[in-house]
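Remarks on the structure that follows.
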Amino acid sequence: MKKIADIYINIPVKSIAKPYTYLIPEQFDILTVGCRVLVPFGNRIMEGFIIKIYPDNNSIDTTKLKEIKDIIDTQPWFTPNMYATAKWMADFYMCSLGETMRLFIPGKNSVKIRPIFNINDKEIPLEEWKKLSDKQQALYKYMQAYKDVDLLTLRRSFGSNENFIFDLEKLINKNYITKSYIYHKQAKKIYTDYIILNTLVNDDILATLKRKPAQKKALIYLNEIKEASVTDLKQQHISLTTLKALAQLNYVKIEKKQVLRDSYKNMLVNKAQQRTLTEEQQTAMNTIENSLSQGKNKFLLFGVTGSGKTQIYIEMALKIRALGKQVLILVPEIVLTGQLVMSFKQYFNDDVAVIHSKLSVNERNDTFWRIRTGQVGIVIGARSALFAPFLTLGLVVMDEEHEASYKQDESPRYHSHDVAEKMAQIYDAILLLGSATPSLESFYKAQNGEYTLLTMKERIDNIPMPFIEGVDMREELKHGNRKILSRKLKELISTTLAKKQQLIIMLNRRGFSTFVMCRSCGYVIKCPQCGLPLVYHKQGKLQCHHCDIIEPVPDICPKCSSRYIKFFGSGTEKLEEELSQTFPNARIIRLDRDTTGKKFAHQDILKQFKAGLYDILLGTQMVAKGHDIPNVTGVGIISADSSLNLPDFRASERTFALITQTAGRAGRGSQKGHVILQTYNLEHYAVQYGMQQDYISFYNEELTLRKMLYYPPFCNLIKLIFQNEIEEQAIKIANDFKMDMEKYFSDNDNIQVMGPAPALISKFKDMYRFNLLIKTNDLSIVNKFLRQKNIDINKYITIDINPINTN
DNA sequence: AGCACGCCGACT
DNA sequence: GTCGGCGTGCTC
């Protein structure tokens, strides 16, 4: 009797967000829950994940079921814990299980499926043949000559214009040509020749090699390490000829072995020196031990920039590795991995795997395999590292836990913070969050005892905190200075350069001018797709920083045809120009998304700056994060306000964090740092406390505001984005829903609906977008209501649980 | 998401 | 009368 399985199809589409039932053919009886399979779906072959196998098929009508076509895994890819995580994510974020499960496989699909075409065996009668067009006849003749033709080959032979597809379908419909599918695994395994010692090495054997010094040397070397790859041996100056000769003598065996790609393998690092913890670090470790013995295993490590949080992560990782469990280290961006990977490699060497979105599918696949088979114990990576196939998990570290980039901003819109916390629970692992500026939510939890708070106030080696000075840019204007650089900052740059020390200058906008406006009619040139102002870049192009669309700069205003088109606002390119004009002898390098296109470009720039090849590093917030450059004593923050004026309740929090993080770059060596902070909002509390580096006061003031306005951490947020081609329709549907919901929850004061308000990107690809913001103290009842109303499968409504911004 | 199906206007 | 445009609905 054939068994039956429930399968989720690997497609990121809400409308098919349900399991489909298939028969398991007898030859695939080994299949279990968590295996990946190929199934017929509609008239295609698709990849699917088995989520359930029925013990018997008595109560199910099997006549309408299709059969599983082929298998991808014989062992389940999804462990029960991976499945539990995916399931929780789908429930919590109200998206399809297929959508969350596919996060866990390397690449979007495990197999590549492509259609191939062949002629049908039966002949075409002459009178039918005559009815075919010339093109159709040509196509048929072509397929008589070649077997298993795919679309790519046809395209090459029949021109790039797609007309042949029409004729092809005609022939398929008449059953002259058949269409079938072939598939192969996405990831290709690579192999290398491996040399394995095949004899006891003793004096007798070595004696036979008396006149063969190279072979003798090779054998002695192999005796020490037993086996090695041919490439590794080549580095030891042992040639393939030598090895082949040894193989002839049967002293060694040559075997093919799979190589697991790892571009971080040959990273050169110094061995870790003697570990000595500071008093604060030791206290933190003791607190962790005590809490663990009381069964508390969630920690918030609140440590100022430069206090040595990384060392705590390492200490904890050492403990967990000693227990044989795996460790996950999350970092906000690939950019930050460089520094942290180095530190971990010093202690763990090749026990470290790195995962991020710039890895090739092949390398990711190999890395996943090393994790899956327990060949590595430390996994460092950005968001996507959450979905590595851990065997066990004893510790989840989240560095810079306040970072907004932990939130995935497209479907499935998960927040790594939530997922990491859930995973820690599922795997029974320790959760360790770290930040110099914790998110309000996390610090609030620490205050309430949900997390154990670990505080480190001192910088390592008693390095003093930098001196921060604010410059009111309104005063600068009054004194006739219309430049980007204030007089004080210019002075700081001069004196720092004179001392042969380095500077970091942050301006959180890339490009040259931030908007282009017609002086005559006031028209601002906007992105045709999303309506945001286009940014002028130096190479003479206009770019949308949201859609990456590039447009030429118009000579005349598109609206009133006047020639008075001017550029306003300043970005990093303009700052670079002003700096090099003001300080012609300074060596300046820029770091922003425009200069970091290639895979390791970012690290290269930082490496060169660190090596002293440049005096000034300028860039967007990228320059604010993580790296430790001892010779930097001066830091300039050009516009602390740009993040302050955003219409979002987290604007103050972000501004405070950005100021603190950037200022923290100054004075990491023995010299005291000096920071100039330019702002138009000098009296704002986020700026003031940022200047004083006083997180606690900022937290208290911000928390009072949050409580008053009923925002997180006092409630949870759900953002609903309503889309429609007709603006009024979008507003009406949103409003109707709002009234519906308010009626349903009329007796519950803790659930509020705000809006509808036009989204920040109010029109995208001809769709108007309006937001509703739901505030609730109970996510689950709102979740239930939304499902009941089928909001979760409505393709014109996007649900964002715990959104990172509200506009 | 694809892909078939089906209903309506343009062209041989 | 046929071709082909795109809106609608389905996928075990």
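Numbers restart at 1 for each chain; the letters A, B, ... are given by sequence-line order, proteins then strands.
In this entry the distance linking OH of Y54(A) with P of dC12(C) reads 15 Å, nearest Å. Rounding to whole angstrom units, CG of residue N109(A) and C1' of dA1(B) are separated by 11 Å. One atom, CE of M46(A), and another, C1' of dG2(B), lie 9 Å apart when rounded to the nearest Å. Counting to the nearest Å, the C1' atom of dT11(C) and the CG atom of D6(A) are 15 Å from each other. If you measure from atom CD1 of I7(A) to atom P of dT11(C), you get 16 Å, rounded to the nearest angstrom. Protein atom CD1 of I793(A) is 14 Å distant from nucleotide atom C1' of dG9(C), rounded to whole Å. Rounding to whole angstrom units, CD1 of residue I16(A) and P of dC10(C) are separated by 14 Å. When the C1' atom of dC12(C) is taken as reference, atom OH of Y22(A) falls 5 Å away, rounded to whole Å.
Annotation: F387(A) is in aromatic contact with Y414(A) [ring centroid separation under 6.0 Å]. Here the two rings, on F49(A) and F104(A), have centers that are 6.0 Å apart or farther.
Looking at heavy-atom distances under 4.0 Å, P40(A) makes contact with sugar-phosphate atoms alone, never a base. The residue F41(A) sits close to a base: some heavy atom pair falls under 4.0 Å.
T776(A) and D778(A) are not linked by any side-chain donor-acceptor pair at a separation below 3.5 angstrom, with hydrogens and angles left out of the test.
Using a cut-off of 4.0 Å between Lys/Arg side-chain N and Asp/Glu carboxylate O, K87(A) and D91(A) are scored as salt-bridged.
With dA4(B), dA1(B), dC12(C) as the candidates, the nucleotide lying closest to the side chain of Y20(A) is dC12(C). Checking dA4(B), dC12(C), dA1(B) against the side-chain heavy atoms of K66(A) singles out dC12(C) as nearest.
Put simply, N43(A) has a side-chain N or O that comes within less than 4.0 Å of OP1 or OP2 on dA4(B).
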